[in-house]
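Okay, structure first, notes after.
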Amino acid sequence: MNDSPLALLGGDPALTVPGPHFAWPPIEEADRRAVAAQLETAVSIPDRSGIVAELEDALASYLGVRHTVTTCTGTAALHSLYTAAGIGPGDEVIVPALTFHATATPLFHLGARPVLADVDDGGQLDLDDAARRITARTKAVVAVHLWGLPEDMDALVSFAHEHGLMLLEDGSHAHGATWNGRRTGTFGAASAFSLNGPKPLSAGEGGVVATDDSELYYRVLLHGQYNKRCRREIPASHPLARFAVTGMGLKLRIHPLAAALAHSQLPRLDGYLAGRRAIAARMCAALDEVPGVRVPHVSASAGPSWYALPLRYEPAEFEGLPLRRFLDAVHAEGAVEADRPGSTRPLTSHALFRRPGALLPGYAERRGPVPGDFPATEHVHATTLKLPVWHREEDIPLVDAYTEAIAKVAAHHKDLL
Ligand SMILES: *Cc1c(COP(=O)(O)O)cnc(C)c1O
């Protein structure tokens, strides 16, 4: 295989099966039946009943938390999470500079300031950098388990404790991932997850907030689940009960058909993750042999959900060959799912973070972060490529063809210079 010239230069491709090669979520007969049955039961659920209650109960027991609240999107779940956590005008929240923007953007709608902190070379929050950015206004720190690789939660829990900060989690890549056997999303005061299309647990569109704290739970309800649900869930004697009809004025409920899909998927999640772990191990073992391509370091405490396999490209080992050109050659080999992170990128690359005042009142005077402020974040992003992580044994020939395509391009990189 590796003796054939690169497909980009006219040789035979490593893979001849046409793409796309990866689709998520896997839709089975059970999903079709569940969604069709939901059509007959209820397509609007104003309180915590029916499929919404079933999904929330199942999620609470899966995660091992007291309360979960489903929402229309993960972005909405984060908005409700921050609001319920009491984040308000002028408050600062430390978020990694490398994440999907919705980890931080809801903070703009609370008048709060996302304070970006650099990541380390492994893409995890750099706690020394985070510590330097703490001020008297810092309320919380957010752990994002990027690509489903859990953050070091021992370190984050003690960091938050030591600095008197609330620990929150964005688990949107990491449903079912574990740290020391405990599920991500259960280490802090509360967490949010996206249930969007490609996420490990998918509702198509949806989100969820998880917490053990009843006060926080009531405030999540008041933020985005007004009227019936608040009236039935918040005890009449509670001082917040008088706000039940209007809540805080936003309506962010999940659609029952989306809830039915996620509820049908959830019992299969651990099976998907076990499959991904086996295949990720196989991919890492194969790619570990490829000079210039680095597989992620996985702590012995971590049980990743492998939302993707992030690989690091060492340009120096390829005589400066740009990653873009390397990837073009990988694509030409037929490995069309290999790509660079798109929307999960340095937040400084977004106009909204650089100049929030241009769109949002209240941020006019503030100088946003600029490229260069977060060197490790930018370096990690510039040198990352990623692959999907398949979960079925029958995908193994495809998986092996992908790792062979990368090995082939690496072996022939001189032809691309
Ligand atoms: C997908 C995602 C979100 C936003 O979720 P949506 O359901 O798309 O609104 C937030 N944070 C992270 C890390 C994500 O990957």
Side-chain angles (χ1 to χ4, degrees), residues 24-25 55 59 68-83 85 87 93-110 114 116-117 119 123-125 140-151 153 156 167-177 183-185 187-188 190-210 220 223-224 250-255 257-259 261-262 265 304-310 339-347 349-350 352-353 377 380-381 384 386 388-389:
W24 198 263
L55 173 59
L59 284 165
T68 60
V69 182
T70 48
T71 56
C72 54
T73 62
T75 307
L78 285 152
H79 193 185
S80 291
L81 168 73
Y82 293 135
T83 307
I87 309 293
V93 176
I94 295 178
V95 296
L98 184 64
T99 181
F100 182 67
H101 53 76
T103 299
T105 47
L107 294 164
F108 288 125
H109 298 272
L110 298 172
L116 310 186
V119 298
Q124 303 236 321
L125 190 64
V141 57
V142 185
V144 184
H145 311 284
L146 218 56
W147 310 120
L149 290 156
E151 288 278 303
M153 293 315 285
L156 262 154
L167 175 60
L168 302 172
E169 291 174 78
D170 178 351
S172 296
H173 292 185
H175 318 64
R183 302 256 188 233
T184 53
F187 287 84
S191 62
F193 294 83
S194 167
L195 303 178
N196 183 241
K199 303 297 162 73
L201 177 66
S202 180
E205 290 287 359
V208 60
V209 180
V220 168
H223 184 247
L250 298 181
K251 189 179 180 206
L252 306 172
R253 296 201 307 242
I254 195 169
H255 195 292
L257 298 182
L261 176 58
Q265 293 274 324
S305 61
W306 294 113
Y307 179 50
L309 173 62
D339 67 4
R340 300 193 52 201
S343 53
T344 296
R345 57 185 305 117
L347 298 185
S349 67
H350 300 295
L352 182 66
F353 287 85
T377 291
V380 169
H381 179 68
T384 296
K386 66 183 178 69
V389 181

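What's counted below: heavy atoms across the whole structure, side chains too, no hydrogens, waters or symmetry copies. First listed ligand is number 1; within each ligand, the first listed atom is number 1. Owing to the predicted nature of the structure, the values given are computational and were not obtained by experimental measurement.
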Under 3.5 Å: N or O atoms of ligand 1 paired with protein N or O:
unit_1	atom_1	unit_2	atom_2	d
ligand 1	5 (O)	Ser194	OG	3.1
ligand 1	7 (O)	Gly74	N	2.8
ligand 1	7 (O)	Ser194	OG	2.6
ligand 1	9 (O)	Gly74	N	3.3
ligand 1	9 (O)	Thr75	N	2.8
ligand 1	9 (O)	Thr75	OG1	2.5
ligand 1	11 (N)	Asp170	OD2	2.7
ligand 1	15 (O)	His173	NE2	2.8
ligand 1	15 (O)	Lys199	NZ	2.9

Heavy-atom check, side chain of Phe353 versus side chain of Thr105, under 4.5 Å: yes
Pairwise distance CG(Leu195) to CG(Leu261) - rounded to 0.5 angstrom: 9.5 Å
Between His145 and Glu169, a side-chain donor and acceptor under 3.5 Å: yes
Given Asn196, Thr71, Thr73, the one that forms side-chain hydrogen bond (donor to acceptor under 3.5 Å, both in side chains) with Glu205: Asn196
Worked check of side-chain contact (heavy atoms from CB on, under 4.5 Å) between Leu167 and Val141: CA-CA 5 Å; Leu167 175 60; Val141 57; 4.0 Å; yes
Intermediate values then yes/no, side-chain contact (heavy atoms from CB on, under 4.5 Å), Leu352 and Phe108: CA-CA 10 Å; Leu352 182 66; Phe108 288 125; 3.8 Å; yes
